[in-house]
Amino acid sequence: IVLMSLLTPADSAVKHVWATTGPRYLINTVALAAMVAFGAGAIGSSAAAIVSIAEFPGRRALSLGLALPLAVPAYIAAYAYGDMFGPFGAASALFRGAPPDIKSLPGAAFILTLATYPYVYLAARASFDARSGALLEAARTLGASPQRFFVSVLAPTGRAAIAGGVALALMETVADYGVADYLGVPTLSVGIFRTWRGLGDLNAAVQLAGGLLLVALLLVMIEEGSRRGLGAESARAHRSPARVRLGPLGSALAAAFCGIPILLGFIAPAATLLARLLDGQGIARGLVVAAGNTALIATIGAALAIAIAGALAISSRGPKAPLGRALARIATLGYALPGAVVALSIVAAAGFFKVGLAAGYATLLYAYAVRFSTAGFNAVDGALKQIHPLTEEAARMLGAGLPRIIRRLFLPAARPAVIAGGLVVFIDICRELPATLLLRPFNFETLATEVYRLASDERLSEAAPAALLLIALSIVPVFLVNALGNLRR
């Protein structure tokens, strides 16, 4: 429906939006994406290279800590930095009463870079760690410095992983609403909210969503293309990673380079919120209700997404299931769709098919299933692929039907993946802001919307408990993903 809107003639309201604010929304979105791509790519790939090819004190702890900013939702980091750079914040004293304006396009790029560079870091680190130690040994034998080895050998071999990580960072950037809205940067996501909820113009909002969807689909193509052409190293050439031991000065510089993103992306926002919590007047009355609502909707949503993911994974098994594989591929494209586009698509489709639709639990759960089934599918499908097709064939020959095969064969093999995938989906739903804001029932608050509501009213002390709870919840899957050595979306 959203893509079709781009082919339909624009009415006067739509023309007015594109003639006035539309170009500014598009330009800001592209500019923000370009700055985040450069920053996240540079920080993530450089940090991955340092922890992969260099040995220095604290390397192991820093290699784990570099993923921690993923635990801080970008909009929460924006609220924390808005407080730090406010008139009475810590940055005001540091800059002698004249801190930089964080509520600007560069400020939004700074925060989103800190929030998304771990996508590049985790993908690049997995690629760099997989490179044969023989490459480094050969380069050192030929007299190449570690810097030249990275530029001439390691970076080219890992460019696909870096490009994939940058594409994921860009998907998060173009889908962002909370950061851009709070910092006053009019992007396409912000424009969708303003046009639909502020002006009450659904047609113009759908047109804006179409533009945002085209950008998201382009990023999907880039991310998919980055996976192609990957080759494997010869088993004979493989060596365990041989790292370069750095001297005192080099170790200090490496530790500082890897420590600054952790400080700015995780420690500073968390410390600001903790200080606000301690300075506040206690926990907001709505926190318990919001936490209960979040636990309920996230549990049901995660169970629904995992059930759909399991059905898709089972239907796409075997060489004779091309239709199932095609449907699974289409169904798992939802991870690339911004929450605002998913919400608007549901409403627009309901209007197109003349179906009465109101914001409610069923609508919200459907949006979550569209967006987050991919995480569950990747986990379940990966586990089921460990089961040899001949094992399943043997069970069928012995008279076992599909329900029994699922119960006795698939579930035991996939149980760890189901738990891990369900946990990731649970946290994703807890953090989701745009779709929840647009489709939630009346007077239904989650932790994300509670933080948004209070922080938008400059009541960060009251928002701090919910924000810290979201960060605490998010740390678990971050360490899980980091331990696995790759990032599943």
Side-chain angles (χ1 to χ4, degrees), residues 25 28-44 47 65-87 89-92 94-95 99-121 165-166 168-190 193 259-276 338-340 431-434 448 451-452 454-456 458 460 463-464 466-468 470-471 474-475 478:
Y25 294 147
N28 284 337
T29 301
V30 173
L32 183 62
M35 288 189 278
V36 171
F38 176 80
I43 295 173
L66 280 163
L68 280 177
L70 274 182
V72 183
Y75 55 87
I76 288 180
Y79 304 148
Y81 271 100
D83 183 70
M84 279 190 283
F85 282 80
S92 181
L94 183 63
F95 289 93
D101 185 11
I102 195 70
K103 294 190 174 183
S104 60
L105 181 61
F110 169 74
I111 291 170
L112 285 168
T113 296
L114 292 174
T116 59
Y117 85 81
Y119 290 112
V120 183
Y121 165 74
V166 170
L168 290 175
L170 288 176
M171 289 179 193
E172 292 294 324
T173 300
V174 300
D176 169 73
Y177 168 73
V179 175
D181 178 63
Y182 183 72
L183 300 183
V185 180
T187 61
L188 283 171
S189 289
V190 174
F193 272 78
I260 289 175
I262 303 173
L263 173 65
L264 298 178
F266 178 78
I267 297 176
T272 299
L273 292 170
L274 184 59
R276 277 293 193 171
R431 294 158 54 114
E432 173 61 27
L433 180 62
V451 172
Y452 172 81
L454 294 173
S456 298
E458 302 298 336
L460 192 61
L468 287 169
L470 277 177
I471 293 174
S474 302
I475 287 177
V478 166

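Heavy atoms only: backbone and side chains are in, while hydrogens, waters and symmetry mates are out. Bear in mind that the values here come from a model prediction, so they are computed numbers and not experimental data.
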Undergrad: I need the minimum non-hydrogen distance between Ala40 and Thr116, along with the two atoms involved.
TA: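 Heavy atoms of Ala40 and Thr116 come nearest at CB-OG1, 3.9 Å.
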
Undergrad: So, do Leu70 and Tyr119 sit near enough that their side-chain heavy atoms are less than 4.5 Å apart?
TA: yes

Undergrad: In Å and rounded to the nearest 0.5 Å, what is the CD1 to CD1 distance from Ile260 to Ile43?
TA: 9.5 Å

Undergrad: First locate atom OH of Tyr117, then atom CG of Leu66, and finally report the distance between them rounded to the nearest 0.5 Å.
TA: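 These two atoms lie 4.5 Å from each other.
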
Undergrad: Counting N and O atoms only, with roles assigned by atom type, does the side chain of Thr187 sit under 3.5 Å from a partner on the main chain of Ala180, one being a donor and the other an acceptor?
TA: no

Undergrad: Is the closest side-chain heavy-atom distance between Pro73 and Ile471 below 4.5 Å?
TA: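 They are in side-chain contact.
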
Undergrad: Search all heavy atoms of Ala31 against all heavy atoms of Leu105 and return the closest pair with its distance.
TA: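 Looking at all heavy atoms of both residues, the shortest contact is CB-CD2, 4.0 Å.
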
Undergrad: Using atom types as modelled and distance alone, determine if a side-chain donor or acceptor of Ser189 lies under 3.5 Å from a backbone N or O of Val174.
TA: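 Here the side-chain-to-backbone pair exists.
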
Undergrad: With a 4.5 Å heavy-atom cut-off, do Pro186 and Asn28 have their side chains touching?
TA: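 In short, these two side chains touch, coming nearer than 4.5 Å.
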
Undergrad: Grab the two heavy atoms, one from Thr173 and one from Leu32, that are nearest each other, plus how far apart they are.
TA: CG2-CG, 3.8 Å

Undergrad: With rounding to the nearest 0.5 angstrom, report the CG to CD1 distance, Leu274 to Ile267.
TA: 12.5 Å

Undergrad: Drop me the distance from Leu188's CG to Thr29's OG1, to the nearest 0.5 angstrom.
TA: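 Reported to 0.5 Å precision, the distance equals 3.5 Å.
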
Undergrad: Do you know which two heavy atoms are closest between Ala448 and Leu433, and how far apart they sit?
TA: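 The answer is O-CD1, 3.8 Å.
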
Undergrad: So, for Ala80 and Thr272, which heavy atoms are closest and what is the spacing to 0.1 Å?
TA: O-CG2, 3.7 Å

Undergrad: Using the side chain to side chain donor-acceptor pair (under 3.5 Å) rule, collect all pairs that involve residues 65-83, keeping only residues at least two apart or in two chains.
TA: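 Non-adjacent pairs meeting side chain to side chain donor-acceptor pair (under 3.5 Å): Asp83-Arg276.
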
Undergrad: Rounded at 0.5 Å granularity, tell me how far CD1 in Ile262 sits from CG in Leu68.
TA: 6.5 Å

Undergrad: Roughly how far, to the nearest 0.5 Å, is the OG atom of Ser474 from the CD1 atom of Ile76?
TA: 7.5 Å

Undergrad: Where is the tightest heavy-atom contact between Ala77 and Ile111, given as atom of each residue plus distance?
TA: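 That closest heavy-atom pairing would be CB-CG2, 3.9 Å.
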
